[in-house]
Amino acid sequence: FVARRYLAASIPLEYGSRLAWMMIGFYILHGLSWGALPWLTMDTATTAERIFVLSLMAGVVGSAMAQTSSVLGVFLAFAVCTLTPVGVKLLMLDDPAYTALAVATVIYFFSLLSLSRNNAAASLAAIQLRFENSDLLDQLRRETEQAEAARCEAEHANMAKSKFLAAASHDLRQPVHAQGLFLSVLAGTPLSEQQCELVENIRKSSEASSEMLGTLLDFSRIEAEVIKPQYQAFALQPLLNKLEVELAPLADAKGLVYRSRETQLAVTSDPALLELILRNLISNAIRYTDAGGVLVGVRLRGRQAVLEVWDTGVGIAGEQQHEIFREFHQLGNPERDSRKGLGLGLAIADGLATTLSHHLTLASTPGRGSVFRLSLALANSDILMNEINDHRQKNHALAIRVLVIDDEQSVREGMLHLLQDWGCEGRVAETIEEALEYVRSWSPDLIISDYRLREQRTGSEAIFALRAQLGSDVPALLITGDTAPERLREAQSSGVPLLHKPVSPDQLYQCMVTLLNSEYG
């Protein structure tokens with residue numbers, strides 16, 4: 001009754017000692033009631049009945065030990081109050097056999113006491129373990145909640161970073177794109193020697209800005225997972241020659257030796273993406289090497305061609321070798337000198353290698369240099385490939401009508417001047433409605449539209465509307481300054497060819513020619 005009453009209610013911690021003494025009191029009475037049994041029966045009982053009583057008493061005490069030993073004081077109170085009357089009664093029978101049983105009763109008591117102590121210790125350990133496990137579960141739950149909160153915070157920070165980069169990149173690309181268009185037009189006009197020099201310096205600054213924005217775009221394209229490799233078999237040597245022509249002057253300017261070993265190997269990969277990986281690795285090697293040189297070579301390893309980029313630069317400590325592949329992570333540039341890049345080169349190289357399923361590794365010794373190795377599958381057949389022609393062909397006149405849609409006035413003006421220089425009849429529109437008004441009485445041969453237009457409208461929407469009104473699939477080209485992953489995926493899914501600002505005039509011209517050739521054979 002008492003147990004049910006207390007267990008049905010909430011028992012405060014401070015009641016523990018009180019309950020223990022209450023139980024001791026109950027078991028003293030319980031023990032004395034059992035201890036009275038020998039005094040009531042032994043004098044008149046037969047020998048068999050006496051043995052039965054003693055066996056019953058031994059069983060009762062043993063059972064009580066199993067039930068009450070978790071609280072040692074309760075068992076001790078019961079055992080003493082039960083067995084003491086038994087022992088005294090046995091001695092009073094004045095029989096050697098019963099005297100021996102009295103001694104055995106004492107031994108039995110101490111044996112049970114020893115077992116009870118062990119059981120009490122085991123019970124206490126089990127209770128403590130249960131509370132420790134409960135504490136561990138609570139701690140694990142708290143740490144899991146903290147880790148989840150930290151993960152969410154990191155995801156939000158990463159999302160905010162991506163949105164900021166996308167917005168900043170888009171806003172910067174617009175003027176840089178327009179600047180490149182105007183510079184191309186300006187370079188084609190009569191200029192004095194001093195003016196030519198100034199234009200060339202401006203062009204170099206513009207190209208540097210374009211290169212940094214292009215790096216941001218490459219990283220955003222990897223994050224957006226819109227890069228789709230175009231695998232083909234090709235010889236490596238023309239690619240190595242091209243990179244040496246472009247990058248050896250950078251090494252010469254620092255007094256470094258640039259060497260590229262000849263190879264006859266052909267591989268299967270995406271040549272454009274592989275070129276971007278190698279350019280980032282070689283540029284990084286030159287940037288962090290102050291003395292010695294850079295070596296680019298290829299080794300044959302089974303059915304793999306291993307491209308290697310060696311340098312004698314500062315080297316990378318073991319604990320940093322994983323970190324350098326993270327975005328915006330730079331060694332030896334705490335002041336964030338923009339001349340040392342954005343810290344995205346190796347992140348882009350690693351991301352592209354993963355996209356191409358190529359294995360990129362690093363081995364480095366601080367103070368002695370580094371080697372990056374990129375493993376590629378060998379081509380299945382012999383590849384004959386012509387040398388890459390680095391000389392630009394002179395642009396011939398294009399006698400076509402071109403409609404340009406862009407919400408930036410400077411871009412519209414630059415495009416109009418450039419198209420007129422190429423012999424095109426160009427018209428520019430700021431909105432989709434203005435473009436639709438043009439094509440009511442004038443049919444373009446090519447449509448060029450910025451992807452992001454005013455009022456949350458897109459170039460894809462403009463092109464589809466114009467094609468619907470014209471009743472034909474007029475060749476079209478999208479140009480975007482966006483680097484937001486969702487925007488890139490959206491533009492990619494439109495099916496319209498896409499160029500990324502800032503677009504060089506040569507790149508724009510070649511893309512226009514390719515579109516027209518595919519349309520008219």
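Residue numbers start at 1 and run along the sequence shown.
- Val74 has its side chain out of reach of Phe26: every pair of non-hydrogen atoms, C-beta onward, lies at least 4.5 Å apart.
- A 6.0 Å sphere centred on CE of Met92 holds no more than 12 heavy atoms belonging to other residues, nucleotides or ligands.
- Not one N or O on the side chain of Gln237 forms a donor-acceptor pair closer than 3.5 Å with the backbone of Gln264.
- Electrostatic pairing of Glu145 and Arg142 does not count as a salt bridge here, judged by no charged N lying under 4.0 Å from a carboxylate O.
- Contact record, Tyr258 with Ala251: CB-CB, 4.0 Å, taken as the closest heavy-atom pair.
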For this session: Start with the C-alpha distance between Lys254 and Ile286, add both sets of side-chain angles, then the distance that settles side-chain contact (heavy atoms from CB on, under 4.5 Å), and finish with yes or no.
Result: CA-CA 8 Å; Lys254 294 185 68 175; Ile286 295 172; 4.1 Å; yes

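- For the atom pair CG of Leu54 and OG1 of Thr105, the computed distance is 7.0 Å after rounding to the nearest 0.5 Å.
- For the pair Val71 and Met23, the minimum side-chain heavy-atom distance is 4.5 Å or more.
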Exercise. Taking it one step at a time, do Leu247 and Ser283 satisfy side-chain contact (heavy atoms from CB on, under 4.5 Å)?
Worked result: CA-CA 7 Å; Leu247 299 175; Ser283 299; 3.8 Å; yes

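- Heavy-atom contacts from other residues, nucleotides or ligands closer than 6.0 Å to CH2 of Trp39 number more than 12.
- Ring geometry for Phe78 against Tyr27 counts as perpendicular: the plane angle is over 60°, on a 0 to 90° scale with 30° as the lower cut.
- Around atom CD of Glu455, no more than 12 heavy atoms belonging to other residues, nucleotides or ligands sit under 6.0 Å away.
- In terms of heavy-atom proximity, Ala45 sits nearest to Arg50 at O-NE, 3.5 Å.
- Thr458 places no side-chain N or O within 3.5 Å of a backbone atom of Arg452 that could act as its donor or acceptor partner.
- For the pair Phe109 and Leu76, the minimum side-chain heavy-atom distance is below 4.5 Å.
- Atoms CG and CZ, from Leu295 and Arg261 in turn, are 5.0 Å apart once rounded to the nearest 0.5 Å.
- When all heavy atoms are compared, the tightest approach of Leu281 to Ala349 is CD2-CB, 4.1 Å.
- For the pair Val267/Leu307, no side-chain contact is recorded, criterion being any heavy-atom separation below 4.5 Å from C-beta on.
- With sequence neighbours left out, the salt bridge (charged side-chain N to carboxylate O under 4.0 Å, His left out) criterion links Asp43 to Lys89.
- Checking side-chain atoms of Gln304 against main-chain N and O of Arg301 turns up no donor-acceptor pair under 3.5 Å.
- You'll find the side chain of Leu91 reaches within 4.5 Å of the side chain of Thr99, heavy atoms only.
- The distance from the CG atom of Leu376 to the CG atom of Leu265 is 10.5 Å, given to the nearest 0.5 Å.
- The minimum heavy-atom distance linking Val86 with Pro38 is given by the pair CG2-CG, 3.6 Å.
- Here the side chains of Leu239 and Pro271 are not in contact, with every heavy-atom distance at 4.5 Å or above.
- Summarising the geometry, atom CG belonging to Asp450 is positioned 11.0 Å from atom CG belonging to Leu477; distances are rounded to the nearest 0.5 Å.
- In terms of heavy atoms, Gly302 sits closest to Leu378 at O-CD1, 3.9 Å.
- The shortest distance between side-chain heavy atoms of Phe234 and Leu274 falls below 4.5 Å.
- Nearest approach of Ile28 to Ala77, heavy atoms of both residues: CG1-CB, 3.7 Å.
- Atom CG of residue Leu374 and atom OG1 of residue Thr361 lie 8.5 Å apart, to the nearest 0.5 angstrom.
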Exercise. Under the side-chain contact (heavy atoms from CB on, under 4.5 Å) criterion, do Met57 and Val53 qualify, and how do the steps go?
Worked result: CA-CA 6 Å; Met57 299 293 291; Val53 170; 4.3 Å; yes

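- Side-chain N or O atoms of Asp311 include one that pairs as donor or acceptor with a backbone N or O of Ser370 at under 3.5 Å.
- Among residues two or more places apart in sequence or in another chain, the salt bridge (charged side-chain N to carboxylate O under 4.0 Å, His left out) test is passed with Arg279 by Glu246, Glu275.
- A distance-only check finds no donor-acceptor pair linking the side chain of Thr312 to the backbone of Gly369 [under 3.5 Å].
- Formation of a donor-acceptor pair under 3.5 Å by the Arg373 side chain with backbone atoms of Val306 is not found in this model.
- More than 12 heavy atoms of other residues, nucleotides or ligands lie within 6.0 Å of OH in Tyr231, so this atom counts as buried by the packing criterion.
- Under the 3.5 Å distance criterion, the side-chain polar atoms of Asn280 are matched with a main-chain donor or acceptor of Leu276.
- Formation of a donor-acceptor pair under 3.5 Å by the Thr84 side chain with backbone atoms of Cys81 is not found in this model.
- Annotation: the span from Ile463 atom CD1 to Ser449 atom OG amounts to 5.5 Å, rounded to 0.5 Å.
- Side-chain atoms of Asp135 and Gln139 form no donor-acceptor pair, as typed in the model, at a separation below 3.5 Å.
- Two residues are said to be in side-chain contact when any heavy atoms from C-beta on lie closer than 4.5 Å; Leu37 and Leu56 meet this criterion.
- For Asn133, the CG atom counts as densely surrounded, since its 6.0 Å shell holds more than 12 non-hydrogen atoms of other residues, nucleotides or ligands.
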Can you give each donor-acceptor pair under 3.5 Å made by side-chain atoms of residues 111-132, sequence neighbours left out, with the distance rounded to 0.1 Å?
from	atom 1	to	atom 2	distance (Å)
Ser111	OG	Ile107	O	3.0
Ser123	OG	Asn119	O	2.9

